[in-house]
Amino acid sequence: MRELPGALTERQRSGQEPLPTFLPLSGRLEAALAPAVERLSVPTRRLLLLAALEPGAGLATLLPAARGRASADDLEPARRTGLVHADPVGIRIAFRPPVVRSAIVQLCAPADRRWAHRGLAERAEAASDRAWHLAAAAQGPDEAVATALEQTFLADFRRGRAAIAVTALVRAAELSPRAADRARRLIEAAYLASSTGPLERVTHLLADARMAADARSASDARSGSVFAAATAVYLLNADGDVDGAYRLLSRAIEDADAAQTASR
């Protein structure tokens, strides 16, 4: 377990960026765990992948998500090897040790991971869970999924879970087909990140928002100057004038949109 911090980036270790959902394994840990995982049958690995992506779920959720490509019997080989612990009827499945969960995800193919997320999205009861799984399954920009994530972030923020809201907005920005929407969502993420810290992350989100706006309006000098001013306002204040930056950045996007509309 002492090797896990070495697999993180410097910014993640210092707290400037959030930890990934699945901790990346070092080469030694992957080499130690891979043989046990790779000896399992394909259906068993599919079932474990679904369980890894939906922590705490039981067979009642996982089997429908498998869509006929795994059965309850496929859990037994993993249980015998000690990779998972499950009650006799599979109501709850847990990985032992927990790092096995990361290994299951890291060792699978990207296409298999997307398949699992799509299946879990189809079975999700909560809109927020469905949005997260669809976002993980997306291969490119998708405004419908980005909008669903943005709506999820509003619910999370109202429940006091600002850190989750920031993560949702950043992913929504990545999925945004329009650069203006991408910039707006990054600005909102930066604004919320100012309440969760560290402030260095706010700076990076504002910089990403400016790059997104520049990509859609490279010839708009006024928009670019406002973005630069907003970043400067934030950087020059010891406490971080995020409110001022948020207002300036939002106005820049609105001005750029208006200018683009007028030019059509």
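Hydrogens, waters and symmetry mates are skipped; everything else that's a heavy atom, side chains included, is used.
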Just do the side-chain contact (heavy atoms from CB on, under 4.5 Å) check on Ile93 and Leu47 with the steps written out, would you?
CA-CA 11 Å; Ile93 298 171; Leu47 193 57; 5.7 Å; no

Check against side-chain contact (heavy atoms from CB on, under 4.5 Å), Trp132 and His117:
CA-CA 9 Å; Trp132 280 118; His117 278 297; over 6 Å; no

With side-chain contact (heavy atoms from CB on, under 4.5 Å) as the test, would you mind laying out the steps for Glu174 and Val170 before giving the verdict?
CA-CA 6 Å; Glu174 293 170 349; Val170 171; 4.1 Å; yes

Please lay out, stage by stage, how Leu192 and Phe153 fare under the test side-chain contact (heavy atoms from CB on, under 4.5 Å).
CA-CA 10 Å; Leu192 292 184; Phe153 113 77; 3.2 Å; yes

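Closest approach of Asp129 to Ala124, counting heavy atoms only: CB-CB, 4.0 Å. Annotation for Ala72 and Leu59: closest pair CB-CD1, 4.0 Å, computed over non-hydrogen atoms. Between Pro77 and Asp73, the closest heavy-atom pair is CD-O, 3.5 Å. The two residues Val166 and Ala189 make their nearest non-hydrogen contact at CG2-O, 3.7 Å. Across Ala212 and Ala179, no two heavy atoms sit closer than the pair O-CB, 3.4 Å. The minimum heavy-atom distance between Ala32 and Pro35, with the atom names listed, is O-CD, 3.8 Å.
A 6.0 Å sphere centred on CD of Glu38 holds more than 12 heavy atoms belonging to other residues, nucleotides or ligands. The environment of CZ in Phe157 is sparse: at most 12 heavy-atom neighbours from other residues, nucleotides or ligands sit within 6.0 Å. Counting non-hydrogen atoms of neighbouring residues, nucleotides and ligands closer than 6.0 angstrom, the CZ atom of Arg161 exceeds 12 such neighbours.
With contacts defined as side-chain heavy-atom distances shorter than 4.5 Å, the pair Arg182/Arg178 does not qualify. When side chains are defined from C-beta on, Ile104 counts as touching Val37, because their heavy atoms get closer than 4.5 Å. Between Arg45 and Leu107, some side-chain heavy-atom pair lies under the 4.5 Å cut-off. Residues Val84 and Arg96 form no side-chain contact, since every pair of their non-hydrogen atoms from C-beta on lies 4.5 Å or further apart. With a 4.5 Å cut-off on side-chain heavy atoms, Leu175 and Pro141 do not count as touching. Counting heavy atoms from C-beta outward, Leu186 and Leu206 have side chains that stay 4.5 Å or more apart. Counting heavy atoms from C-beta outward, Ser102 and Val105 have side chains that stay 4.5 Å or more apart. A 4.5 Å side-chain heavy-atom check between Leu149 and Leu169 finds every atom pair outside the cut-off.
Side-chain atoms of Arg69 never come within 3.5 Å of backbone atoms of Arg67 as a donor-acceptor pair (strictly under, hydrogens ignored). A donor-acceptor distance shorter than 3.5 angstrom exists from the side chain of Arg79 to the backbone of Ala86, with no hydrogens or angles considered. Between the side chain of Asp87 and the backbone N or O of Arg92 there is at least one donor-acceptor pair closer than 3.5 Å. When atom types are taken as modelled, the side chain of Thr152 and the backbone of Ala148 share a donor-acceptor pair closer than 3.5 angstrom. Using a distance-only test at 3.5 Å, with no hydrogens or angles considered, a donor-acceptor pair links the side chain of Gln106 to the main chain of Leu25.
Hydrophobic clustering, with ILVMFWY side chains joined whenever heavy atoms are under 4.5 angstrom apart, keeps Leu134 apart from Leu53. Tracing side-chain contacts under 4.5 Å through hydrophobic residues (I, L, V, M, F, W, Y), one never reaches Ile187 starting from Ile164; they form parts of separate clusters.
Arg46 contributes atom CZ, which lies 6.0 Å from atom CH2 of Trp115 (distance to the nearest 0.5 angstrom). Expressed to the nearest 0.5 Å, how far CZ of Arg101 lies from CG of Leu48 amounts to 12.5 Å. The CZ atom of Arg113 sits 13.0 Å away from the CG atom of Leu50 when rounded to the nearest 0.5 Å. Atoms CD and OG, from Gln151 and Ser128 in turn, are 11.5 Å apart once rounded to the nearest 0.5 Å.
In the model, Thr147 has a side-chain atom that pairs as donor or acceptor with a side-chain atom of Glu143 under 3.5 Å.
Just one residue in the list Arg114, Glu122, Arg118, Glu54 forms a side-chain contact (heavy atoms from CB on, under 4.5 Å) with His133, and that residue is Glu54.
Glu188 has no carboxylate O lying under 4.0 Å from a charged side-chain N of Arg185, or vice versa, which leaves the two without a salt bridge. Taking the charged nitrogens against the carboxylate oxygens, Glu150 and Arg171 have no contact shorter than 4.0 Å, which rules out a salt bridge.
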